[in-house]
Amino acid sequence: MELLDKLKWRYAAKAMNGNKVPQEKLDNIIEAISLAPTSSGLQPFEVFVITNQDVKEKIKPIAWNQSVITDCSHLLVFTAWDTYTADRINKMFDLTNTIRGFENEGWENYRQMLLSSYPQKDSEENFNHAAKQAYIAFSQAITAAAFEGVDSTPVEGFDPTALDEILDLRKKGLRSCVMLPLGYRDTDNDWLAGLKKVRKSKEDLITEIL
Ligand SMILES: Cc1cc2nc3c(=O)[nH]c(=O)nc-3n(C[C@H](O)[C@H](O)[C@H](O)COP(=O)(O)O)c2cc1C
């Protein structure tokens, strides 16, 4: 199947059947998350992969009781840094130098530029910037899941403060952004399965400037 066919096959499943996603497919989805582009390459997010049923049960009531939270195979929770710190920025720049095996003046100047701006900014502004990066990876995970023939449901319908508490995120300097249950559609119990996709027209979406 071509990528576009797979994207047409994908929909936000409202019911899942509890079947398990094989480890290899999960690994590919996680690698796609890791390969997502991020601003300055900082990857200012962490993803929690939850298979523990008790934890899923705890999350469900603070997520509008959506059944996919407990009936999915793996529940991915995308979290973002609560702010940018010098330590976090340095870690990623140091990692780049280690992996590439050399230091570069331009890159070090760029590090200093980020160090003199991000950490001084308001933490809410920094979190929002970090969250945008998490959403890019989240989108990539949705596409990768479809590519693997795995269903997913983007879930923003939850109380982030409550989720932060359940996963003890604030102590780790993280805040929840969005969740992505992965699994397999339960077509018999999903009102959305089989309904036509609704998208606005190309004319309403695209403005060509020739
Ligand atoms: C950021 C985001 C949050 C969403 N939150 C929910 C959600 O909490 N529950 C849900 O059933 N669908 C949720 N959706 C799914 C959208 O409703 C769905 O993607 C949209 O209606 C388009 O339909 P399709 O994905 O089936 O093509 C969310 C989608 C996105 C991108």
Side-chain angles (χ1 to χ4, degrees), residues 1-19 21 25 29-30 32-33 36-39 43-50 55-81 124 127-167 169 174-206:
M1 241 199 285
E2 295 291 324
L3 180 61
L4 278 183
D5 290 328
K6 294 186 179 196
L7 293 180
K8 285 173 189 167
W9 168 85
R10 184 212 65 80
Y11 77 115
K14 303 296 177 214
M16 290 188 182
N17 61 17
N19 288 351
V21 172
K25 285 180 183 284
I29 295 166
I30 288 173
I33 290 170
T38 55
S39 179
Q43 293 190 282
F45 53 80
E46 291 184 28
V47 181
F48 290 67
V49 182
I50 302 172
V55 176
K56 288 192 211 164
E57 294 288 353
K58 264 192 209 159
I59 294 173
K60 189 179 176 183
I62 61 104
W64 304 354
N65 277 316
Q66 299 187 65
S67 66
V68 286
I69 301 293
T70 45
D71 297 342
C72 68
S73 165
H74 297 75
L75 177 62
L76 306 190
V77 179
F78 289 76
T79 72
W81 291 351
E124 197 64 26
F127 166 69
N128 286 332
H129 185 264
K132 284 184 194 166
Q133 317 311 311
Y135 272 83
I136 294 168
F138 162 74
S139 174
Q140 198 137 299
I142 294 169
T143 304
F147 185 81
E148 296 290 337
V150 171
D151 281 297
S152 66
T153 316
V155 173
E156 224 177 23
F158 65 91
D159 174 351
T161 308
L163 185 57
D164 291 358
E165 271 171 31
I166 292 171
L167 299 178
L169 295 179
L174 298 168
R175 291 171 62 180
S176 56
C177 298
V178 68
M179 296 194 281
L180 190 68
L182 297 173
Y184 294 99
R185 61 188 71 177
D186 179 357
T187 34
D188 290 342
N189 294 302
D190 189 344
W191 60 266
L192 190 56
L195 290 191
K196 275 193 174 168
K197 250 194 199 309
V198 180
R199 289 297 189 270
K200 61 185 182 182
S201 68
K202 194 175 164 195
E203 292 68 41
D204 286 344
L205 181 68
I206 305 294

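Both counts, for ligands and for their atoms, begin at 1 and track the order of listing.
Residue K197 approaches ligand 1 through these ligand atoms, each under 4.0 Å from one of its heavy atoms: 24 (P), 26 (O), 27 (O). For ligand 1 and Y11, the ligand atoms under 4.0 Å from any heavy atom of the residue are 26 (O). Residue G157 approaches ligand 1 through these ligand atoms, each under 4.0 Å from one of its heavy atoms: 8 (O). Interface of K14 with ligand 1, defined as ligand atoms under 4.0 Å from a residue heavy atom, comprises 10 (C), 11 (O), 12 (N). Every atom of ligand 1 with a heavy atom of R10 under 4.0 Å away is listed here by number and element: 24 (P), 25 (O), 27 (O).
Q66 pairs by the side chain to side chain contact (heavy atoms under 4.5 Å, CB included) definition with W64, V68, I69, V155, not counting sequence neighbours. Scanning for side chain to side chain contact (heavy atoms under 4.5 Å, CB included) contacts around S73 gives K20, V21, with sequence neighbours left out.
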For this session: Before giving the answer on side-chain contact (heavy atoms from CB on, under 4.5 Å), spell out for M179 and L163 the whole-Å C-alpha distance, their side-chain angles and the decisive distance to 0.1 Å.
Result: CA-CA 10 Å; M179 296 194 281; L163 185 57; 3.9 Å; yes

For this session: Would you sort out whether T143 and F147 count as a side-chain contact (heavy atoms from CB on, under 4.5 Å), showing the intermediate values?
Result: CA-CA 6 Å; T143 304; F147 185 81; 5.7 Å; no

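The shortest heavy-atom distance from M179 to ligand 1 is not under 4.0 Å.
Of the inter-residue distances, the one linking L3 atom CG with K8 atom NZ reads 10.5 Å to the nearest 0.5 angstrom.
Counting only heavy atoms, the protein never gets under 4.0 Å from atom 20 (C) of ligand 1.
Geometrically, ligand 1 and P154 share a nitrogen or oxygen pair separated by less than 3.5 Å. Residue Y135 has no nitrogen or oxygen atom sitting less than 3.5 Å from a nitrogen or oxygen atom of ligand 1, judged on distance alone. Residue T153 has no nitrogen or oxygen atom sitting less than 3.5 Å from a nitrogen or oxygen atom of ligand 1, judged on distance alone. The distance criterion of under 3.5 Å between nitrogen or oxygen atoms is met by A12 with respect to ligand 1. Taking any N or O of E156, backbone or side chain, at least one lies under 3.5 Å from an N or O belonging to ligand 1.
Protein heavy atom in closest approach to atom 9 (N) of ligand 1: Q66 OE1, 2.8 Å. Regarding atom 23 (O) of ligand 1, its nearest protein heavy-atom neighbour is R199 NH1, 3.9 Å.
Applying the 6.0 Å contact sphere to NZ of K60 captures more than 12 heavy atoms from other residues, nucleotides or ligands.
With S176 as the fixed residue, the side-chain hydrogen bond (donor to acceptor under 3.5 Å, both in side chains) test singles out one of D164, T161, T79: D164. When each of K25, R10, K6 is paired with E148, the salt bridge (charged side-chain N to carboxylate O under 4.0 Å, His left out) condition holds for K25 and for no other.
By the 4.0 Å N-to-carboxylate-O rule, E124 lies close enough to R175 to be salt-bridged with it.
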